[in-house]
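Accompanying notes for the structure given below.
For clarity, every value in this text was computed on a predicted model and none was experimentally measured.
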Amino acid sequence: MMILKLKRTPGIYLVGFMGSGKTTIGRHLADELGWSFADLDADIEAEQGTTIAQIFDARGEDEFRRIETAAIQKRVRMIEKGRPMVLALGGGAFAQQGNYELLENNGISVWLDCPFSIVRARVTKESDRPLARDPERFRELYENRREAYQRADYRIEIAGDDPTPAVESILKLPIF
């Protein structure tokens, strides 16, 4: 039986560092549940008509965070109306206190805890991650954000590239 919190606001929020598999796992999870799936970064890029990297470069991180919070509010409003959704958040979204409070009260958050070695290998292949350009800062950011991710309702360990074990672990959580 689905817990009351999820019945009232059927949102599952996947949080974790960039490259931890939020989008891939989120799509698979939504398919399994028969829920909608949304990727917050994709929402932002569609609405702004540009890439996250370009928003960071042209307007700065503060402006990006403002846009991101507005995008979260929009998705949460849909969930509050009873539209079940799995939402993959950007890596820094959950680290912002206001976003955390909004999500905490409107569904269940799941931290995809992915080892740094896997994250680094995945992200190195992509050059469009503004916060991954400096390797030292990238490692520091990974360590610093763990504290924020620990506030999630649940933690799932990511061990490799196959999304199936993570999806199965989420489906076994005592929330359904």
Side-chain angles (χ1 to χ4, degrees), residues 9 11-30 35-81 83 85-116 118-152 158 161 163 166:
T9 48
I12 295 177
Y13 307 109
L14 299 183
V15 307
F17 203 65
M18 62 185 101
S20 60
K22 299 179 296 288
T23 301
T24 304
I25 290 164
R27 278 187 212 287
H28 284 81
L29 178 63
W35 289 18
S36 300
F37 170 76
D39 178 291
L40 199 70
D41 283 352
D43 280 0
I44 292 167
E45 290 186 341
E47 190 184 278
Q48 298 293 316
T50 185
T51 66
I52 302 292
Q54 285 168 326
I55 297 168
F56 262 83
D57 291 343
R59 299 188 245 166
E61 185 171 356
D62 288 349
E63 176 61 9
F64 171 75
R65 296 294 169 206
R66 192 195 60 71
I67 293 166
E68 183 177 58
T69 297
I72 291 172
Q73 287 166 337
K74 198 169 166 182
R75 284 297 182 186
V76 167
R77 277 196 296 274
M78 290 176 178
I79 291 164
E80 282 174 326
K81 289 178 184 145
R83 280 187 58 186
M85 188 178 295
V86 175
L87 184 63
L89 297 178
F94 203 66
Q96 315 296 316
Q97 184 61 25
N99 295 343
Y100 166 75
E101 286 165 12
L102 183 64
L103 298 165
E104 186 57 19
N105 295 320
N106 291 290
I108 299 291
S109 55
V110 179
W111 172 26
L112 303 182
D113 186 4
C114 188
F116 184 73
I118 296 178
V119 161
R120 193 183 48 213
R122 288 177 183 170
V123 172
T124 309
K125 293 177 194 154
E126 305 170 35
S127 56
D128 61 345
R129 307 258 191 180
L131 294 175
R133 289 172 188 156
D134 173 347
E136 237 165 83
R137 179 149 181 250
F138 182 62
R139 174 86 212 210
E140 206 175 284
L141 197 60
Y142 176 87
E143 297 301 337
N144 292 346
R145 284 194 180 156
R146 293 182 69 79
E147 196 181 326
Y149 300 147
Q150 282 165 4
R151 300 189 298 177
I158 304 300
D161 289 341

By salt bridge (charged side-chain N to carboxylate O under 4.0 Å, His left out), which residues pair with Glu47, not counting sequence neighbours?
-> Lys74
Residues passing the salt bridge (charged side-chain N to carboxylate O under 4.0 Å, His left out) test with Glu63, sequence neighbours excluded, are Arg66
What closest approach, in Å, do [X] and [Y] show between heavy atoms, and which atom pair accounts for it?
{"X": "Val123", "Y": "Ala132", "answer": "CG1-CB, 3.5 Å"}
{"X": "Ala152", "Y": "Ser109", "answer": "CA-OG, 3.2 Å"}
{"X": "Ala166", "Y": "Ile158", "answer": "CB-CD1, 3.7 Å"}

Charged N to carboxylate O below 4.0 Å: is that the case for Asp161 and Arg122?
-> yes
Is the closest basic N to carboxylate O distance between Glu68 and Arg65 below 4.0 Å?
-> yes
Keeping the roles fixed (side chain from [X], backbone from [Y]), state whether a donor-acceptor pair exists under 3.5 Å.
{"X": "Gln54", "Y": "Thr51", "result": "yes"}
{"X": "Tyr149", "Y": "Gly16", "result": "yes"}
{"X": "Tyr13", "Y": "Ile108", "result": "no"}
{"X": "Asp39", "Y": "Thr23", "result": "no"}

With a sphere of 6.0 Å drawn around [atom1] of [X], does it hold more than 12 non-hydrogen atoms of other residues, nucleotides or ligands?
{"X": "Asp62", "atom1": "CG", "value": "no"}
{"X": "Arg83", "atom1": "CZ", "value": "no"}
{"X": "Gln97", "atom1": "CD", "value": "yes"}
{"X": "Glu143", "atom1": "CD", "value": "yes"}

State the [atom1]-[atom2] distance between [X] and [Y], to the nearest 0.5 angstrom.
{"X": "Thr50", "Y": "Glu45", "atom1": "OG1", "atom2": "CD", "value": "7.5 Å"}
{"X": "Asn144", "Y": "Leu141", "atom1": "CG", "atom2": "CG", "value": "6.5 Å"}
{"X": "Gln73", "Y": "Leu103", "atom1": "CD", "atom2": "CG", "value": "10.0 Å"}
{"X": "Tyr142", "Y": "Cys114", "atom1": "OH", "atom2": "SG", "value": "6.5 Å"}
{"X": "Phe37", "Y": "His28", "atom1": "CZ", "atom2": "NE2", "value": "11.0 Å"}

Residue pairs meeting ring-ring contact (aromatic ring centres under 6.0 Å, His included), one or both in residues 38-66, sequence neighbours left out, come to Phe56-Phe64
Does any part of the side chain of [Y], heavy atoms only, come nearer than 4.5 Å to the side chain of [X], both counted from C-beta?
{"X": "Asp134", "Y": "Glu140", "answer": "no"}
{"X": "Leu87", "Y": "Ile12", "answer": "no"}
{"X": "Leu89", "Y": "Asn99", "answer": "no"}
{"X": "Ile25", "Y": "Pro163", "answer": "yes"}
{"X": "Val15", "Y": "Val110", "answer": "no"}

Going by atom types alone, do Gln150 and Arg145 pair a side-chain donor with an acceptor below 3.5 Å?
-> no
Starting from the C-alpha separation in whole Å, work towards a yes-or-no answer on side chain to side chain contact (heavy atoms under 4.5 Å, CB included) for Gln48 and Arg59.
-> CA-CA 12 Å; Gln48 298 293 316; Arg59 299 188 245 166; 3.0 Å; yes
Kindly write out the residues that satisfy side-chain contact (heavy atoms from CB on, under 4.5 Å) with Asp43, not counting sequence neighbours, or none if the list is empty.
-> Ala38, Leu40, Arg75
side-chain contact (heavy atoms from CB on, under 4.5 Å) partners for Thr9, two or more places apart | Ile79, Glu80, Asn106
Ring centre gap for Phe138 and Phe17 strictly below 6.0 Å | yes
What pairs with Tyr100 under ring-ring contact (aromatic ring centres under 6.0 Å, His included), at least two apart in sequence or on another chain?
-> Phe94
